[in-house]
Novice: 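Below is one structure. I have some questions about it.
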Amino acid sequence: MSTIAQKRGFGATLWDYMTTVDHKKIGILYIAGGGFFFLLGGIEALIIRIQLAVPNNGFVSAQTFNEVMTMHGTTMIFLAAMPILIGLMNLIMPLQIGARDVAFPFLNALGFWLFFLGGILLNTSWFLGGAPDAGWTSYASLALNSPHHGVDFYVTGIQISGFGTLMGGINFLVTIINMRAPGMTYMRMPMFTWTTFVVSALILFAFPPLTVALFLLTFDRLFGANFFEVAMGGNTIIWEHFFWIFGHPEVYILILPSFGIFSEIFATFSRKRLFGYSSMVFATVLIGFFGFMVWAHHMFTVGLGNIANAIFAVASMAIGVPTGIKIFNWIFTMWGGSVKFTTPMLYAAGFIPSFVMGGVTGIMVAVAPADYQFHDTYFVVAHFHYVIVGGVVLAILAAVHFYWPKMFGTMLNETLGKIEFVLFFIGFHLTFFIQHFLGLMGMPRRIATFLDDQGLNTGNLISSIGAAFMAVAVLILLYNIIMTQVKNVRVGNDPWGDGRTLEWSLPSPPPFYNFKQLPLVRGIDTYWIEKMEGKQEVTPAEPVNDIHMPNGSIFPVFISLGFMIASYGAIFRNDHAWGDPVLIIGLIVAFGSMLLRSLKDDHGFHIPKSELVDKKDKGVKA
Amino acid sequence: MHVEEQFTPKTWPESPERATLEGKNKFLGFWFFLGGETVLFASLFATYLALKDKVPNKDSLISTDIFDLKLAFIMTMILLTSSITSVYAIYHMKNFHFKKMQAWLFITVVLGLAFLACEIYEFWHYTHGLDFGYTTSAFSSAFYTLVGFHGGHVVFGLGWMIALMVRNANRGLSLYNAPKFYLASLYWHFIDVVWVFIFTVVYLMGMV
Amino acid sequence: MKKWLRKWRLATVIAVLALVLSGCGEPFLSALKPAGEVAKQQYDLILFSLGIMTLVVIVVVVLFAIVLVRFRRKNNSEIPKQVEGSHTLEIIWTVIPIIIILVLAVPTVAATFSQGDVSAMDKKDKDGNRENLVVNVRAHLYWWEFEYEDLGILTSQDLVIPTDQKVYFNVESADIKHSFWIPPLGGKLDANPENVNKFFLSVDQDKADDVNNIFYGKCAELCGPSHAYMDFKVKAIPQDEFDQWVADMQNAEEPVPTSELAKKGEEVFNDSCISCHAVTPSNDTPPQARTAPNLADFGNRETVAGILEHNEESLKEWIKDPEQFKPGNKMTGAYPDLKDDELDALAAYLMELKVGNE
Amino acid sequence: MGNEQLNSRDMDTKYEYRRKRNAEEMRHQVISFAISIFLTLCAFGAVAAGFDKWFVLPFILLLAVIQVIFQLYYFMHMNQKGHEAPQLFIYGGVIIGFATILAFLTIVWW
Ligand code: HEA
Ligand code: HEA
Ligand code: CUA
Ligand SMILES: [Cu+2]
């Protein structure tokens, strides 16, 4: 296999990325794939906002609106936010713990391809009879009632990309447990690594219920089962429970890595170690644990009974406590620090008030009787965009600026970055703040349009204008990315100058084996410790040795393609005779590739010591 | 310790499945996977319990009408036995007895196939003999899905063990394949654990 | 730039405050204008939690602002002290939120149980009649059916209830999941396909006066393309008027068309429409057979199909092509194409369908 | 471990010791297998004998739980060292699975 990507043709680069098992490249693939879907989801959001800008608008039909709205939520959550975060974990976490790769490089690649092809599968629905239209929650009675194939694409596409996510979760868990560098005890791990760890555990436990739910719905829609057919004895509440047993932890799967990213950024640009590190760890674990015990707060109006509503209401509020611990710890990280407002830091600063506002409305909707009013209105839409956009998206944007040099060895333009931030921040509050009031003024969510004379016009118009601001900000970011890559000004190991953790001790971008010698970790923020002692490099824990690396493989693409083909077969099996054969062929391709892969011995390869020593003389600059 | 290294019974390490980093990783990763599988099966059990005996009308078949204690007992015994035979296989793996390990694995596979045959017979009997098909009622869907998922795991486990046996037939034990044998046997035990709950919750509780 | 930003934010706050003060929403639709006991209690809870949350936000923002002002980097070589944490502080910001949440939890739990208490629903007086009015709400794809089981009355689209008393509801769905919501009267309750949900609402007479006795109700659960149009109206009237209405409905006879045109309309109706639509307010038909709104009191409706103005024009438009107003509705295509004169006749006939006083 | 140059006598004793321990362990496995079979017989017996429902249900569930613990700790070696993380995650799964089942038995009404 290749060593370092040299100047090669497009085909070779493509092949390289299709077969890569390098966690950094896979991370970049995740971020690029997720970024692509973010743009799609963003365009869908803009369509929503255009349609709702004025009453009785006919920009899109009601059916199309439902499809756009569903795909917006589904795309943003499953195909944009989560993959981008997983990409960041892939990219950064092994560097932070001083590992050469993740525990299962092959599975890592497989995870990416499953996600990506699953997402593509889902989006091809637009051209094959219509996209899913039952909301991202796809409640069973409506999903079964949906006449075209959209929901079938939803169940199969999400299922496939869900498998990918699950693999990623297991992979990160094992990596963190088994592959930390010497001296990297659990309580010395950087905060982002800790959140990766907890989030991976959440993924491990939250995705199986979704898997089951999706299977049940698939069987109902495509194979004649009766799980949700009320007339046949089925029960649709089962779906709601499964969806939220998954869905609530899912929102913490999104927010915890974001918290991790902000923890790194606050510490870095305040030049101060994270305040209350151990309570941060504790709070993270606690949020993860509580995350599983509150799902029914999405179902207050379903009629589960007073006892259930009361228990789940109070349990939900309890999550405010560990989250609050984190908020105050961040503020006190900056307190007494030397705070520099770079672009990532601006995003981090913008995050605090925005997220807190979203969090406190979360507590408000957790007040069950009040939620009878809030539920399924724009108040909830406002709540979750405040936490998601004000938390997760700001974190992603911050991380993209923060880690861009580590990924590509060149810095995004800071001035443009600050303009992006200002526009996005204004647009965000403009769009979503007003929605709290719209909801209380009687505007249900998921409506394709609203009638005139209900007092909802002004608010909706303001909200739509805000979305335009966000769009401009995103366009500037795209411009910034292109210009930066064109100029390609190279930077060194620690371009921000304040790096604290191991990833900043490596060249930007790091060599494909990451660490020539595994580092010796001497405390929290190792690199900072070494820098304070006047050293440029981290103390190595071993002499230079041969390095064992895994081989690349094309099988991940084949396996994922197999599942994709099988899905098309399943989706169309009730309309076309070719459905079942294609389903079977797809499964054969997928499982056959797996079998081939496991029959073929793959011991990887070694980078000889001589080559590594050689590098040192030339200086590692890729 | 290298994967390609040649071993004798004496140099064979104590926990061969965890002697290399790859082995350690696989071992841990597989256990985590089983943690996820626990939730998966719990979800299926929950579905089954929620839909147990939920049928469209009074004439529909419910659990007391269909299950057969005898067959469930035979299947249970077969699967439980296959669990101890796979323990024997791992015992010999740890003692670096490749031939004996293969032999016990073979017995395990045969027992697994016997279990599978019973299950296929059972399903065939329900669908053809009793008119209790997958689409008959919510209860039938839940039953076939829960037991069928378990059956699918059995099929996968058998395929895995057979592939391992065939692939390594002429190669003997190494630190490269020892973790694989070990994990296949773990998987098999897990299938057994799930079955313990299936025979209890589905068959036994379906008859009282 | 930062300064400009802050000014801008201030402007937003003022703009928003102005908006709030200009009256939040229309009284017939807004949850911020509670018109009954249930809605009032929920509104108070909202205000209470909002108050606490505003305080929380203020505390955070103040601390945050101090940081932003005081601890900017002034000189590039300064290295601040590396503080590990502070137990005192950490205990403070663990305990205070716990207290806040306990304070919030008490009214939450209390209100959950009081609002969920439907034990009075089945209370009978000594004659064996229910003490309270109970309405069965059945949600259908894009229309609402209201059955007064004890009174033997069936209506659709317009819910008529007496003011100043608790009215109990059995909410269920005839097809897929919907949600029954009248914002000024109280929170929503889902209409599930597999069970009956129960709750109660009430209206204050003086609040009803403010809106000419009409409140807006909505479907709050995505149910398909016409989810946005699944509106209904609530006519909240004093007890005596309500009694009158009940008597009229109970005594309603087969409608007799008065004009030529209406007679012709009746014929057309009996040819094409009667298979789905009933024109008498009795609830003899079994629930499964109620596939279309009952039109008994149609002439007194507030709207046509829940969303259109109530006049002959829109009625004709509706009958001609319901699909353009409610995509995916169950009426489209269920009857032959109608000529213009038939439409006129139908409209005349339907507008005459009024129960009781003329 | 392996690469340390042990002299052959050391290796012999170590090897013997390991063989003995493995055999010992195998004996435990067989015992737990016997217990397993016994518990299964009890469960089937209780149902076949047609005891009262309120006795049989908790009884067979209890037997299943006991049996599974045996399987986990003996057959799946969870009693050996190096299984801390597996335990944590299996129990995590059990807790969440239990919560799910509990919810489905209580708040999925008909
Ligand atoms: C990143 C995603 C994310 C996050 C972090 C959260 C966080 C929280 N969410 Fe949110 N939520 C969503 C995403 C998220 N949510 C989504 C997507 C939906 C809608 C799904 C759909 O229906 O489509 C939703 C819906 C939703 C509902 C259902 C509403 C409804 O449909 O009727 C509820 C109800 O309880 C809720 C509660 C909470 C709570 C209590 C928190 C808490 O975790 C918040 C905790 C944070 C704070 C409280 C702020 C900081 C704390 C302090 C400063 C300390 C002091 C504070 C106090 C003492 C109060 N959320
Ligand atoms: C990660 C999650 C996430 C994110 C980031 C967003 C981001 C946004 N969301 Fe969304 N949203 C959801 C998750 C998310 N949302 C979910 C789960 C739902 C519920 C769905 C349901 O009910 O089922 C929802 C629902 C939802 C609604 C309610 C729909 C309804 O109920 O009818 C609205 C309405 O305003 C909305 C708006 C927006 C806006 C304006 C943004 C903005 O922040 C978007 C900003 C991004 C852009 C503006 C992109 C700009 C792109 C370009 C400029 C294109 C350039 C193009 C090329 C180069 C090709 N969202
Ligand atoms: Cu009915 Cu929405
Ligand atoms: Cu939630």
Side-chain angles (χ1 to χ4, degrees), chain A residues 103 140 169-170 173-178 186 197-198 200-210 212-213 216 227-228 230 233-246 248-249 285 288-296 299-300 302-312 315, chain D residues 1-6 14 18 21-22 25 36 43 47 53-54 56-58 60-110:
Chain A
I170 294 179
L173 284 173
V174 178
T175 308
I176 294 175
I177 293 181
N178 275 356
Y186 283 109
F197 185 76
V198 173
S200 303
L202 292 189
I203 289 177
L204 178 64
F205 293 135
F207 270 72
L210 178 70
V212 169
L216 302 188
F227 296 102
F228 310 121
V230 175
N235 189 312
T236 60
I237 306 305
I238 290 178
W239 169 273
E240 296 186 26
H241 276 301
F242 275 144
F243 188 86
W244 292 119
I245 289 175
F246 149 78
H248 188 82
V285 175
F289 177 77
F290 272 132
F292 277 100
M293 303 300 154
V294 301
W295 78 85
M299 299 167 68
F300 283 146
V302 168
L304 301 179
N306 300 337
I307 301 174
N309 279 4
I311 292 175
F312 281 102
Chain D
M1 287 150 35
N3 277 353
E4 299 147 24
Q5 287 307 320
L6 299 169
K14 257 205 158 147
R18 242 184 34 226
R21 250 219 357 232
N22 284 349
E25 200 186 304
S36 246
V47 174
K53 195 173 167 176
W54 297 113
V56 173
L57 288 187
I60 59 178
L61 279 174
L62 184 70
L63 293 187
V65 170
I66 297 174
Q67 170 156 194
V68 162
I69 290 175
F70 267 105
Q71 299 240 2
L72 280 175
Y73 277 84
Y74 286 92
F75 289 4
M76 296 172 80
H77 314 291
M78 237 163 66
N79 55 350
Q80 293 176 4
K81 67 175 191 312
H83 282 72
E84 296 75 19
Q87 293 202 19
L88 184 67
F89 279 79
I90 288 289
Y91 287 128
V94 168
I95 290 172
I96 289 154
F98 183 74
T100 308
I101 292 174
L102 192 68
F104 276 54
L105 287 173
T106 50
I107 50 179
V108 172
W109 22 245
W110 178 243

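Proteins get letters first, then strands, A, B, ... in listed order; numbering begins at 1 in each. Remember, it's a predicted structure, so these values are computed and weren't measured experimentally. Atom set for the values below is all heavy atoms of this structure, side chains included, hydrogens, waters and symmetry mates excluded.
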Novice: Chain D heavy atoms under 4.5 Å from M299(A): which part of the residue, side chain, backbone, both or neither?
Specialist: neither
Novice: Count the heavy atoms belonging to other residues, nucleotides or ligands that lie under 6.0 Å from CD1 of I307(A), then report whether that count exceeds 12.
Specialist: no
Novice: State which residues pass side-chain contact (heavy atoms from CB on, under 4.5 Å) with L88(D); sequence neighbours excluded, sorted by chain then number.
Specialist: none
Novice: What I'd like to find out is whether the side chain of H241(A) reaches to under 4.5 Å of the side chain of V302(A), using heavy atoms alone.
Specialist: no
Novice: Considering only heavy atoms, which portion of I96(D) lies under 4.5 Å from any heavy atom of chain A: side chain, backbone, both, or neither?
Specialist: side chain
Novice: Checking heavy atoms, do the side chain of A206(A), its backbone, both or neither come under 4.5 Å from chain D?
Specialist: neither
Novice: Relative to chain D, which segment of I238(A) carries a heavy atom at a distance below 4.5 Å: side chain, backbone, both, or neither?
Specialist: both
Novice: Is there a donor-acceptor contact under 3.5 Å from the side chain of T175(A) to the main chain of A103(A)?
Specialist: yes
Novice: For the residue pair F228(A) and N235(A), what are the closest heavy atoms and their distance?
Specialist: CD2-O, 3.3 Å
Novice: What part of L304(A) is in contact with chain D, defined as an atom under 4.5 angstrom from a non-hydrogen atom: side chain, backbone, both or neither?
Specialist: both
